[in-house]
Amino acid sequence: MTLRQLLQKTRRVDRAFFGRPAAEVARELLGQYLIHQFDGCELAAKIVETEAYLGSGDPAAHSARGLTERTRVLFGPPGHAYVYLIYGMHECLNLVTDRAGQAGCVLLRALEPVCGIEEMQRRRDKAKRLHDLASGPGKLTRAMGITRAHYGVEVTRGPLRVRLTKAPEVFEIQTATRIGISTSQELPLRFFVKGNAHVSVR
DNA sequence: CCGCGGATCTTCT
DNA sequence: GAAGATCCGCGGA
């Protein structure tokens, strides 16, 4: 599919979409699209796995230990990107949710490539199969060309943005516990499209 | 298919 | 100074 075609079957998202509780936004982001246009590249993918990190009562959230230089954007208005480096080599993309000051966010954990698949394969030379391209939080940022340079950018408009589908698909949402955390492991805050091959962990 | 360990560096203690 | 919202390759079953 071309980006032109994808833009026709989707519409702009407003800031109010993100200005709600993180778990609610995390569920509704499934089946929506992430687009990145830059350097002549037109990349787009469907969101198939997310995790919610709550602004309060969630020790696993980066915002739990207060406002620091790194978490500054989490405490600002919703609809912005929070990108950080993990394990010294991978970058993770989160979208800020809730009201300003609440510091909730949604981590994007897996995407299904839609536009610019060859370019994504070039960026992810280690990936052998299509469903390895963006099936993880570090993989998807690499595939989509997202880095810490995108820290704080608006995702309701601009070169890196979310688009909502005009014709929602019917699929089952599976709920699970979050991956890779050492506290609050029991909270059911991970969501993914049931049966989708691009999900990171089944 | 599964488990294990190394890579690599920013952030916070 | 240690941990961390990960990924990949290796070895064995």
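Proteins come first, then strands; the chains are lettered A, B, ... in the order of their sequence lines, and each starts at number 1. These numbers were taken from a predicted model, which means no experiment stands behind them.
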Are OP1 or OP2 of dC8(C) and a side-chain N or O of Arg124(A) less than 4.0 angstrom apart? yes
Earlier contact from the 5' end, DNA chain B, for His90(A) and Thr68(A): His90(A)
Could you tell me whether the phosphate oxygens of dT6(C), OP1 or OP2, come under 4.0 Å of any side-chain nitrogen or oxygen in Arg109(A)? yes
Tyr84(A) OH to dA3(C) C1', straight-line distance once rounded to whole Å: 13 Å
Answer yes or no: does atom NZ of Lys128(A) have more than 12 heavy-atom neighbours from other residues, nucleotides or ligands under 6.0 Å? no
Using a 6.0 Å cut-off, check whether atom CZ of Arg12(A) has over 12 heavy atoms from anything other than its own residue. yes
Here the distance between atom P of dT8(B) and atom CZ of Arg148(A), to the nearest Å, is 15 Å
In whole angstrom, what separates Asp132(A)'s CG from dC1(B)'s C1'? 14 Å
Determine whether the aromatic ring centres of residues Phe38(A) and His36(A) are separated by less than 6.0 angstrom. yes
Let's test your reading of the pairing rules: Watson-Crick or G-U wobble, both distances under 3.5 Å, then write DNA chain C as a dot-bracket string with ( ), [ ], | and dots. ||||.|||||||.
Scan Leu85(A) against the nucleic acid and name what it touches under 4.0 Å (heavy atoms): base, sugar-phosphate only, or nothing. sugar-phosphate
Ignoring hydrogens and geometry beyond distance, is a side-chain donor-acceptor pair present between Glu49(A) and Ser200(A) at under 3.5 Å? yes
Hey, which of these two, Gly88(A) or Pro137(A), hits DNA chain C nearer its 5' end, going by closest nucleotide? Gly88(A)
Is Tyr87(A) stacked against the base of dG4(C), taking the criterion as centroid distance under 5.5 angstrom and interplanar angle under 30°? no
Could you work out which one of dC8(C), dC12(B), dG4(C) sits closest to the side chain of Lys139(A)? dC8(C)
Keeping Thr50(A) on the side-chain end and Leu30(A) on the backbone end, is there a donor-acceptor pair under 3.5 Å? no
So, does Thr156(A) use its side chain to make a donor-acceptor pair with the main chain of Gly79(A) at under 3.5 Å? no
In the structure I gave you, are the side-chain heavy atoms of Arg190(A) and Val199(A) within less than 4.5 Å of one another anywhere? yes
Using a strict heavy-atom distance below 4.0 Å, which residues from residues 172-202 of chain A are in contact with DNA chain B? none
